[in-house]
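Input: a single structure, listed below in structure tokens.
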Number of protein chains: 2
Amino acid sequence: MTYGMTIAALADPTRRLVLEALKAGPLHVGALAQTLPVSRPAVSQHLRVLSDAGLLTVRTEGTRRLYAIDPKGADDLRKYLDSMWDDALAAYTKAAQDKAAGKDRT
Amino acid sequence: MTYGMTIAALADPTRRLVLEALKAGPLHVGALAQTLPVSRPAVSQHLRVLSDAGLLTVRTEGTRRLYAIDPKGADDLRKYLDSMWDDALAAYTKAAQDKAAGKDRT
DNA sequence: ACTTACCGTAAGTCATGGCTTACGGATTCG
DNA sequence: CGAATCCGTAAGCCATGACTTACGGTAAGT
């Protein structure tokens with residue numbers, strides 16, 4: 001049930017901007033905050049949420065802290081979407097078949 | 001940018017319960033509300049959000065309204081996750097290669 | 001050792017949204 | 001036509017969370 005935290009983390013637009021900024025490669029908090037429309041502490045708080053959700057990895061480098069996207073951070077969410085919409089599609093096609101078989105009135 | 005609404009819709013636990021209940025097939029609002037821990041108007045409001053996000057389809061049947069999962073409702077979100085994490089993975093492997101090539105200290 | 005740079009956390013403010021009760025419109029049946 | 005059922009919407013309450021400023025702690029440089 002960890003995909004719940006993942007979705008909650010991705011639900012915030014500013015956090016998605018953080019991920020966009022990190023798409024190209026790792027950045028430290030200061031550089032990240034300069035590209036974003038919020039203050040540095042706000043960025044820190046968002047990085048906390050994203051890290052807790054397993055979407056980011058951290059690496060301390062001197063006085064800097066480098067954040068990077070965790071490549072397998074969205075796996076659970078993907079699985080959730082797959083299972084959910086697989087079942088939904090199955091029910092959908094089944095309903096269509098039943099309708100066609102039961103009373104095929106044009 | 002429509003995946004933003006999709007994520008926002010999926011971010012609420014009650015709305016995910018709605019989707020779980022609709023996985024097996026279409027239901028009307030009353031039946032849906034009985035299975036959920038909130039009132040019927042609350043369910044209506046959630047159905048509104050999910051419909052606006054393109055995750056549900058509606059079909060009026062007499063005085064009932066049947067809601068069902070839209071099989072292609074999560075496509076945009078999937079594409080977003082794919083592109084995001086493809087780029088992230090590319091940056092990740094590239095960084096690993098650069099590090100290995102630049103200074104391959106064991 | 002002192003100063004500087006970088007960062008996380010605490011405290012407080014304010015907007016967002018999820019829930020409830022109350023109400024009104026639409027459809028079906030006697 | 002009148003009664004009953006089903007449902008969406010309005011209004012209001014309250015918790016959550018995103019943001020800011022202020023502060024403290026750690027690492028590097030002189």
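Values in this document were obtained by computation on a predicted structure and should not be read as measured data. To find a chain, count down the sequence lines: A is the first, B the second, and so on, and within it residues start at 1.
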[X] [atom1] to [N] [atom2], straight-line distance once rounded to whole Å:
{"X": "A/R16", "N": "D/dA18", "atom1": "CZ", "atom2": "C1'", "result": "14 Å"}
{"X": "B/H28", "N": "D/dT5", "atom1": "NE2", "atom2": "P", "result": "13 Å"}
{"X": "B/L36", "N": "D/dC7", "atom1": "CG", "atom2": "P", "result": "13 Å"}
{"X": "A/L66", "N": "C/dC6", "atom1": "CG", "atom2": "C1'", "result": "12 Å"}
{"X": "B/H46", "N": "D/dT9", "atom1": "NE2", "atom2": "P", "result": "14 Å"}
{"X": "B/L10", "N": "C/dG18", "atom1": "CG", "atom2": "C1'", "result": "16 Å"}
{"X": "A/R65", "N": "D/dA27", "atom1": "CZ", "atom2": "P", "result": "11 Å"}
{"X": "A/Q34", "N": "C/dC7", "atom1": "CD", "atom2": "C1'", "result": "14 Å"}

For the base of C/dG18, is there a side-chain donor-acceptor partner from B/R15 under 3.5 Å away?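 Donor-acceptor pair under 3.5 Å: no.
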salt_bridge(B/D75, B/K79) N-O dist < 4.0 Å: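 So B/D75 does not pair with B/K79 through a salt bridge.
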Less than 4.0 angstrom from a charged side-chain N to a carboxylate O is my criterion; do A/E20 and A/K23 meet it?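 Yes, A/E20 and A/K23 are salt-bridged.
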For [N] and [X] - does any side-chain N or O of the residue sit under 4.0 Å from the phosphate oxygens OP1/OP2?
{"X": "A/Y67", "N": "C/dC7", "answer": "no"}
{"X": "A/R64", "N": "C/dC6", "answer": "yes"}
{"X": "B/S44", "N": "D/dG8", "answer": "yes"}
{"X": "B/T63", "N": "D/dC7", "answer": "no"}
{"X": "B/T14", "N": "C/dG18", "answer": "no"}
{"X": "A/R40", "N": "C/dC7", "answer": "no"}

Do you know which two heavy atoms are closest between B/L32 and B/A21, and how far apart they sit?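 Minimum heavy-atom separation between B/L32 and B/A21: CD1-CB, 3.7 Å.
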Identify the two heavy atoms, one from B/W85 and one from A/P71, that lie closest to each other, and give their separation to 0.1 Å.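 Answer, listing the atom of B/W85 first, then A/P71: CD1-O, 3.0 Å.
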Quick one: does A/R15's side chain have a donor or acceptor within less than 3.5 Å of a partner on A/H46's backbone?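 Checked: no pair found.
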Minimum-distance nucleotide (side-chain atoms of A/Q45 versus D/dC19, C/dC19, C/dC7):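 That would be D/dC19.
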With a non-hydrogen cut-off below 4.0 angstrom, is B/R48 in contact with a base, only sugar-phosphate, or nothing?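 Touches sugar-phosphate only.
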Which residue, A/V38 or B/V43, contacts DNA chain D at a nucleotide closer to its 5' end, judged by nearest heavy atom?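 Nearest nucleotide further toward 5': that of B/V43.
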